[in-house]
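So the structure is just underneath, and the comments pick up after that.
Numbering of residues begins at 1 and proceeds along the displayed sequence. Indexing begins at 1, ligand by ligand and atom by atom, following the structure's order. Every value quoted in this text rests on a predicted model; they were computed, and no experiment measured them.
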Amino acid sequence: MTPRRQSSRAPVTSPAVATVFTTVLTQGPVSRVDVARRTGLSSAAVTKAARPLIEAGYLIERDSEQSGIGRPVSPLEVRADREFFLGVKVTDRELIGVVTDLRARMLVTKFRPLPSRKPDAVVDGIAEMVTALLAESKAYKQRTHCLGVTVAGDVDRDTGHVRYSPFLHWRDVALGGLLAEKIDLEITVDNDVKAITVAERWFGDGVGANSFALVTLGTGIGCGLVVNGGVVAGSHGVAGEIGHIPVFGDGPVCHCGATGCVEAIASTDAIVAQARTATGEAGLTMAEIVTGARLGDTALRKVFARAGVAIGRGLASVANLVGPERIIVSGEGLDAYDLFADEIRETFATQAFGAAAQCELILRPLPFEEWARGAAAIAVQTLFLS
Ligand SMILES: [Zn+2]
């Protein structure tokens, strides 16, 4: 995307400036000496790189602290309210929008129903959401330059094209371009799970982990991968599609066209479809299915057990291929976790090869607004990528 407000951006004019800025942002407050040690830059280079960021108000020096022997040090810290960021996550039925500060802390959250999934309606909805979020404070209007928008599916971040989004029924939608016609901000469009992975790596459980995977369970089953400290984007924009790893060779046909994918067995829609078939009750809802299974209905329990095996196989494939330190499992599908936890863990332990099984499985709920925070995190990230 073409930057539309270049003049107002942080003065990230060299790789050294970007390195110092990201180090202070994700690990600060931190002294110049520590920045130098952690990044391999010389102390002089750190001082030189920090200067324009201090002058532009993005970094501040804390009051001097005496550090044992030697001269006092003034740790560098980010001024979190120097700039604000917007994040909007598009789901199949609503928009979730947030305003965050530079450290991706959520300041305002808004939900807005989507009357239609058609691209024009979604673009109008996002534009209205942006207006409503900025109207919350004069400071937001003055100091917001970047918007991140995320959708599920195959997204080309470089061009802002959504190539395929199953839940919106979109193919080849130039979302970034359509938004740029209506919204005067620098816009980044990306896959929703990759965006949450960025937030996790910079501001969450991923800080300090050299490699980790974030797997989300729910309407879709997604996976963001961090390897050697970087989010894996894939040379075609597709990587970590754990939902479409084939785990049951003779399994059901997936919406993607393939057979036996994890998502065809363990997504919310797949669980509902299998439960309806198993019981012969065509009107069953997910809530009823979860309740029935918890009350001990054998047919329903089998559906969850099979989903657990599918997820466990998918997680083991990730561990065997990438060898992450930990896998964080999250998403709204985790609400029913008690119904397939044993199968996930047992299958993972059986299928993970050798030391790959030492990979830690962390289970954590994911409030819906966290998806929008991920979108804001990719907007923060644009500060460093130009
Ligand atoms: Zn599939």
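A salt bridge does not link K110 with E128: none of the charged nitrogens is closer than 4.0 Å to a carboxylate oxygen.
Among the backbone and side-chain atoms of H255, none of the N, O or S atoms lies under 2.8 Å from the Zn ion (ligand 1).
Within H244, the N, O or S atom lying nearest to the Zn ion (ligand 1) carries the name ND1.
Taking 4.5 Å as the limit, every side-chain heavy atom of C261 sits out of range of all side-chain heavy atoms of E241.
Between V189 and G160, the closest heavy-atom pair is CB-CA, 4.1 Å.
Taking the six-membered ring for Trp and the full ring otherwise, H169 and H255 have centroids separated by 6.0 Å or more.
Considering the Zn ion (ligand 1) as centre, the angle to SG of C254 and to SG of C261 is 110° (10° rounding).
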